[in-house]
Enquirer: 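I am attaching a structure below and will ask some questions about it afterwards.
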Amino acid sequence: HLSIEPPPTRNPLTEKGGELTMPWLLYFNQLFNGDAGTSWTPTFTSLTSSGTPTITGRYYRISQFLCYFNVLVTPSTNTSSTAGTTYIDNFPLDANSNGFCLTVSNNLGGGLGMVVASNNRVYVPSWTTVTTPINVIGVVEAT
């Protein structure tokens with residue numbers, strides 16, 4: 001859980017010379033330093049693969065409610081997915097509202113998927129017989 005201290009209230013925002021005071025700099029640093037990330041092993045439903053792919057995931061708490069995640073699917077030989085039926089079913093946080101995800105793989109472009117809050121699943125877009133690693137990246141409001 002990311003904890004952000006409130007900004008200082010007793011110091012002025014700027015000094016006479018227009019520079020930020022030290023307490024305000026410390027406050028903004030904690031906002032931008034962010035979370036170091038947490039690893040998890042995503043579990044796919046309906047991912048078709050030739051061989052066993054290596055699947056790793058990591059999510060970052062950007063704020064109390066906003067989360068960025070990245071899943072890397074490295075095919076043994078190749079993988080395929082079907083939009084609407086292939087999904088990650090063990091996202092480690094509770095989605096408060098729908099979010100989005102997209103895939104990228106080398107120079108093959110990508111597609112758009114979504115995080116569905118009602119069932120906490122990450123539905124990935126379609127791809128067919130891809131032999132290169134695929135990144136699924138997304139943003140969702142989650143607790």
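The first residue in the sequence is number 1, and the count goes up from there.
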Enquirer: Got P92 and Y59 here, is their nearest side-chain heavy-atom distance under 4.5 Å?
Expert: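 The answer is yes; the side chains approach within 4.5 Å.
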Enquirer: Any donor and acceptor pair, going by atom type alone, linking the side chain of S81 with main-chain N or O of P125 inside 3.5 Å?
Expert: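 Yes; at least one donor-acceptor contact below 3.5 Å.
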Enquirer: How far does CD1 of I134 sit from CH2 of W127, to the nearest 0.5 angstrom?
Expert: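 Separation between the atoms: 4.5 Å.
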Enquirer: In this structure, would V130 and V124 fall into the same cluster of hydrophobic residues linked by side-chain contacts under 4.5 Å?
Expert: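 Yes; V124 is reachable from V130 via cluster members.
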Enquirer: Grouping I, L, V, M, F, W and Y whenever their side-chain heavy atoms are under 4.5 Å apart, do Y123 and L112 come out in a common cluster?
Expert: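 Per the 4.5 Å side-chain linkage, Y123 and L112 are not co-clustered.
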Enquirer: Is there a side-chain contact (heavy atoms from CB on, under 4.5 Å) between N70 and V136 once you walk through the steps?
Expert: CA-CA 6 Å; N70 185 344; V136 178; over 6 Å; no
Enquirer: My understanding is that only residues two or more places apart in sequence, or in another chain, count here; which of them pass side-chain hydrogen bond (donor to acceptor under 3.5 Å, both in side chains) with D94?
Expert: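 side-chain hydrogen bond (donor to acceptor under 3.5 Å, both in side chains) check on D94 returns nothing, list empty.
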Enquirer: Tell me, please, which residues at least two apart from T129 pass side chain to side chain contact (heavy atoms under 4.5 Å, CB included).
Expert: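 Testing T129 for side chain to side chain contact (heavy atoms under 4.5 Å, CB included), a comparison that skips the adjacent residues, returns N78, S80.
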Enquirer: Once rounded to the nearest 0.5 Å, what's the spacing between atom CG of L72 and atom OG1 of T54?
Expert: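 With rounding to 0.5 Å, CG (L72) is 8.5 Å from OG1 (T54).
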Enquirer: Taking atom OG1 of T143 and atom CZ of R61, what is their separation to the nearest 0.5 Å?
Expert: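 Rounded to the nearest 0.5 Å, the OG1-CZ separation comes out at 7.0 Å.
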Enquirer: Between S105 (side chain) and P133 (backbone), is there a donor-acceptor pair under 3.5 Å?
Expert: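 Here the side-chain-to-backbone pair exists.
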Enquirer: Quick one: does any side-chain atom of T43 pair with a main-chain N or O of D89 as donor and acceptor, under 3.5 Å?
Expert: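 No.
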Enquirer: Stepwise, does the side-chain contact (heavy atoms from CB on, under 4.5 Å) test hold for V122 with Y87?
Expert: CA-CA 5 Å; V122 179; Y87 57 88; 5.8 Å; no
Enquirer: Would you check, one step at a time, whether the test side-chain contact (heavy atoms from CB on, under 4.5 Å) holds for T45 with R121?
Expert: CA-CA 10 Å; T45 295; R121 293 177 178 165; over 6 Å; no
Enquirer: Please answer: with hydrophobic residues joined when any side-chain heavy atoms are less than 4.5 Å apart, are L102 and V139 in the same cluster?
Expert: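 The answer is yes; both residues are in one hydrophobic cluster.
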Enquirer: For P75, which residues count as a side chain to side chain contact (heavy atoms under 4.5 Å, CB included) partner, sequence neighbours excluded?
Expert: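 Side chain to side chain contact (heavy atoms under 4.5 Å, CB included) check on P75 returns T79.
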Enquirer: For I55 versus L47, what's the shortest heavy-atom pair and its separation?
Expert: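 Distance-wise, the nearest heavy atoms are CD1-CD2, 4.1 Å.
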Enquirer: For Y68, give me all partners under ring pair (Phe, Tyr, Trp, His ring centres under 6.0 Å), at least two apart in sequence or on another chain.
Expert: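 With sequence neighbours excluded, Y68 shows a ring pair (Phe, Tyr, Trp, His ring centres under 6.0 Å) to Y60, given in chain and number order.
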Enquirer: Indicate the atoms forming the closest heavy-atom contact of S97 with A117, along with that distance.
Expert: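 Closest heavy-atom pair between S97 and A117: C-CB, 3.6 Å.
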Enquirer: Can you tell me how far the CG atom of N135 sits from the SG atom of C101, to the nearest 0.5 Å?
Expert: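 Rounded to the nearest 0.5 Å, the CG-SG separation comes out at 11.5 Å.
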Enquirer: Report the residues that fulfil side chain to side chain contact (heavy atoms under 4.5 Å, CB included) with T85, sequence neighbours left out, ordered by chain and then residue number.
Expert: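 Per chain and number, T85 pairs via side chain to side chain contact (heavy atoms under 4.5 Å, CB included) with T82.
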Enquirer: In Å, rounded to the nearest 0.5 Å, how long is the span from CG of N90 to CZ of F44?
Expert: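 Going from the CG atom of N90 to the CZ atom of F44 covers 9.5 Å.
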Enquirer: Can you see which heavy atom on I88 is nearest to which on P42, and at what distance?
Expert: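 For I88 and P42, the tightest heavy-atom pair comes out as CG2-CB, 3.9 Å.
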Enquirer: Check ring pair (Phe, Tyr, Trp, His ring centres under 6.0 Å) between F69 and all other residues, then give those that pass, not counting sequence neighbours.
Expert: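 With neighbours one apart ignored, the set is F91.
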Enquirer: I'd like to know if M114 and V71 are part of one continuous hydrophobic network [Ile/Leu/Val/Met/Phe/Trp/Tyr, side-chain heavy atoms within less than 4.5 Å].
Expert: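 No: no chain of side-chain contacts under 4.5 Å links V71 to M114.
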Enquirer: Nearest heavy-atom pair of N120 and L93: which atoms, and what distance?
Expert: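 Result for this residue pair: ND2-O, 2.7 Å.
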